[in-house]
Enquirer: 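Have a look at the structure that comes next, please.
Order of the sequence lines sets the chain letters (A, B, ...), proteins ahead of strands, with each chain counted from 1.
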There are 2 protein chains.
Amino acid sequence: MTASSTVTKARLLELVATLGTAQWQDFAAAAARHGLTSVQAKLLAQLKGPVPMRGLAELLVCDASNVTGIVDRLEARGLVRRETDPADRRVKNVVATEEGRRTIERVRAEMQATHSALDALTEEERATLYTLLERLRPGLEHRA
Amino acid sequence: MTASSTVTKARLLELVATLGTAQWQDFAAAAARHGLTSVQAKLLAQLKGPVPMRGLAELLVCDASNVTGIVDRLEARGLVRRETDPADRRVKNVVATEEGRRTIERVRAEMQATHSALDALTEEERATLYTLLERLRPGLEHRA
DNA sequence: CATTGATGCTTGAGGCCATCAAGCAACTGG
DNA sequence: CCAGTTGCTTGATGGCCTCAAGCATCAATG
């Protein structure tokens, strides 16, 4: 049993990795069609409301100084805006402009490969998949 | 039903994305502990046998000229070797050295977050998850 | 053969991503 | 008011990535 379990686990791991990169490339390709790099699109996707630079660095798991450049480029295209926080003038809150929101929404809609992949499942199967994946989350996320 | 189905689909999509990036960061962190960038590790992971540069470019979905640099850096560290193909002297087959194989094997083993996440499922659940994910593959992969 | 074309790889220029160290501005506690 | 902390930016350095151009080799044709 240990043996067969190990095999299943290794294969499952590989499958998850394969699908993960396929979805990522689907996302990157959709973003590229709108002149965005994947990281720019990912940042834009996080902006449901105003988020300080520091918060973006944590969401993207990278250095804060890196965020400066990414936001610079998005701001230069008018997809994003910096607003200095009135309560603490050190922090700059980043908000998506109307065009930024429209753009990221289109990117999401244009992830055809991902959408068609999910369409291959019935609603019930999607629910099953969801609960299984939900159980994976704690193990994957409690890392720095 | 359309409405609830849509909600489930959007959430599922987001969950898949979240887990995908979490796993990728687990991989990147493990690679970094061995002084490898994520792309270098990913390339190394593809080398079950000799693979020509062109083939690596397809596997990594990037330009061939990019592979040159990545292999250069891996070769400089002795993790990989270029062998010119005897049948066609234009092609260089890349093979992992013994150290390269050992290194990537350690990286795989050290993906603690991923392993512990999978340990949260019973073997039966893993099997279910596997078949569900397997059904997603065709939709995700038949894109250029 | 010799030429023409295609294919595999590399090089160089240019741009983005990523980190680190250093710095400035603004808040905070005493 | 002053020392320390925090949020952001800048500059240096290096890796990733693409495109255009180039060299070497192979394959097909006359």
Side-chain angles (χ1 to χ4, degrees), chain A residues 21 24-25 27-47 50-77 79-95 144, chain B residues 21 24-25 27-47 50-77 79-95 144:
Chain A
T21 73
W24 176 254
Q25 280 163 6
F27 178 68
R33 268 174 245 133
H34 293 273
L36 294 174
T37 67
S38 359
V39 177
Q40 288 167 359
K42 187 173 178 181
L43 192 154
L44 207 44
Q46 309 284 342
L47 295 181
V51 184
M53 304 290 286
R54 186 80 182 72
L56 286 172
E58 277 162 20
L59 287 171
L60 301 187
V61 194
C62 71
D63 195 275
S65 69
N66 193 16
V67 178
T68 298
I70 301 172
V71 170
D72 280 350
R73 288 178 280 269
L74 285 172
E75 195 170 31
R77 292 170 154 225
L79 301 176
V80 125
R81 205 171 44 236
R82 270 181 249 235
E83 298 179 345
T84 69
D85 191 318
D88 183 343
R89 305 227 308 283
R90 287 172 302 180
V91 353
K92 313 264 173 100
N93 289 310
V94 182
V95 286
Chain B
T21 72
W24 176 254
Q25 281 164 6
F27 178 67
R33 268 173 246 132
H34 292 274
L36 294 174
T37 67
S38 357
V39 177
Q40 287 168 1
K42 186 173 177 182
L43 192 155
L44 208 44
Q46 310 284 343
L47 295 181
V51 183
M53 304 290 286
R54 186 80 181 72
L56 286 172
E58 277 164 19
L59 287 170
L60 301 187
V61 194
C62 72
D63 196 275
S65 69
N66 192 16
V67 178
T68 298
I70 302 172
V71 170
D72 279 352
R73 288 177 279 269
L74 284 173
E75 194 170 30
R77 290 169 153 226
L79 301 177
V80 125
R81 205 173 42 238
R82 270 183 250 237
E83 298 179 344
T84 69
D85 190 318
D88 183 342
R89 306 227 309 282
R90 286 172 302 181
V91 354
K92 313 262 174 101
N93 289 309
V94 182
V95 287

Enquirer: What is the distance from CG of A/Leu60 to P of D/dC8, rounded to the nearest Å?
Expert: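 Going from A/Leu60 (CG) to D/dC8 (P), I get 13 Å.
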Enquirer: For the pair made of NZ in B/Lys42 and C1' in D/dG15, what is the distance, rounded to whole Å?
Expert: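 Whole-Å distance recorded here is 16 Å.
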Enquirer: Roughly, in whole Å, what's the span from CE in B/Met53 to P in D/dA24?
Expert: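 Computing the B/Met53:CE to D/dA24:P distance gives 18 Å.
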Enquirer: A/Arg73: which residues meet the salt bridge (Lys or Arg N to Asp or Glu O under 4.0 Å) condition with it, sequence neighbours left out?
Expert: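 Residues passing salt bridge (Lys or Arg N to Asp or Glu O under 4.0 Å) with A/Arg73: none at all.
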Enquirer: Starting from P on D/dG7, measure out to CG on A/Leu59 and report it in whole angstrom.
Expert: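 In whole Å, D/dG7 P lies 14 Å from A/Leu59 CG.
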Enquirer: When you compare the side chain of B/Thr21 with that of A/Lys42, does any pair of heavy atoms fall below 4.5 Å?
Expert: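 Answer yes - side chains close enough.
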Enquirer: Just the rounded figure in Å: distance from C1' of D/dA12 to CG of A/Asp63.
Expert: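 From A/Asp63 CG to D/dA12 C1': 14 Å.
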Enquirer: Quick one: list whatever passes salt bridge (Lys or Arg N to Asp or Glu O under 4.0 Å) with B/Asp85, sequence neighbours left out.
Expert: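 Residues passing salt bridge (Lys or Arg N to Asp or Glu O under 4.0 Å) with B/Asp85: none at all.
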Enquirer: Got a sec, which residues hit side chain to side chain contact (heavy atoms under 4.5 Å, CB included) with A/Glu58, two or more places apart in sequence or on another chain?
Expert: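 Testing A/Glu58 for side chain to side chain contact (heavy atoms under 4.5 Å, CB included), a comparison that skips the adjacent residues, returns A/Arg54.
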Enquirer: Quick one: list whatever passes side chain to side chain contact (heavy atoms under 4.5 Å, CB included) with B/Ala29, sequence neighbours left out.
Expert: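 With neighbours one apart ignored, the set is B/Arg33.
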Enquirer: Of all of residues 83-93 of chain A, which get a heavy atom below 4.0 angstrom from DNA chain C, listed by number?
Expert: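 Contacting residues: A/Asp88, A/Arg89, A/Arg90.
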Enquirer: Give the rounded distance in Å between these two atoms: CG of A/Leu36 and P of D/dC17.
Expert: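 In whole Å, D/dC17 P lies 18 Å from A/Leu36 CG.
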Enquirer: Go through the structure and list residues passing side chain to side chain contact (heavy atoms under 4.5 Å, CB included) with B/Ala64, not counting sequence neighbours.
Expert: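 Testing B/Ala64 for side chain to side chain contact (heavy atoms under 4.5 Å, CB included), a comparison that skips the adjacent residues, returns B/Ala57.
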Enquirer: Just jot down the side chain to side chain donor-acceptor pair (under 3.5 Å) partners of B/Gln46, sequence neighbours excluded, or say none.
Expert: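 With neighbours one apart ignored, the set is empty.
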Enquirer: May I have the distance from B/Gln40 (atom CD) to D/dC17 (atom C1'), rounded to whole angstrom?
Expert: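 B/Gln40 atom CD is separated from D/dC17 atom C1' by 14 Å.
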Enquirer: Under 4.0 Å from a heavy atom of chain B: give me the 5'-most and 3'-most nucleotides of DNA chain C that qualify.
Expert: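 Contact boundaries, 5' end first: C/dA6 to C/dT11.
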Enquirer: Both B/Ala64 and A/Gly69 contact DNA chain C. Taking the nearest nucleotide for each, which residue is further toward the 5' end?
Expert: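 Its nearest nucleotide being more 5', the pick is B/Ala64.
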Enquirer: Evaluate B/Leu56 against B/Leu47 for side chain to side chain contact (heavy atoms under 4.5 Å, CB included), listing each step before the verdict.
Expert: CA-CA 9 Å; B/Leu56 286 172; B/Leu47 295 181; 4.0 Å; yes
Enquirer: Counting any heavy atom closer than 4.0 Å, what does A/Ser65 reach on the DNA or RNA strands: base, sugar-phosphate only, or nothing?
Expert: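 A/Ser65: base contact, heavy atoms under 4.0 Å.
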Enquirer: For A/Arg77, enumerate each residue passing the side chain to side chain donor-acceptor pair (under 3.5 Å) test, keeping only those at least two apart in sequence or located in another chain.
Expert: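 Listed in chain order: nothing, the list is empty.
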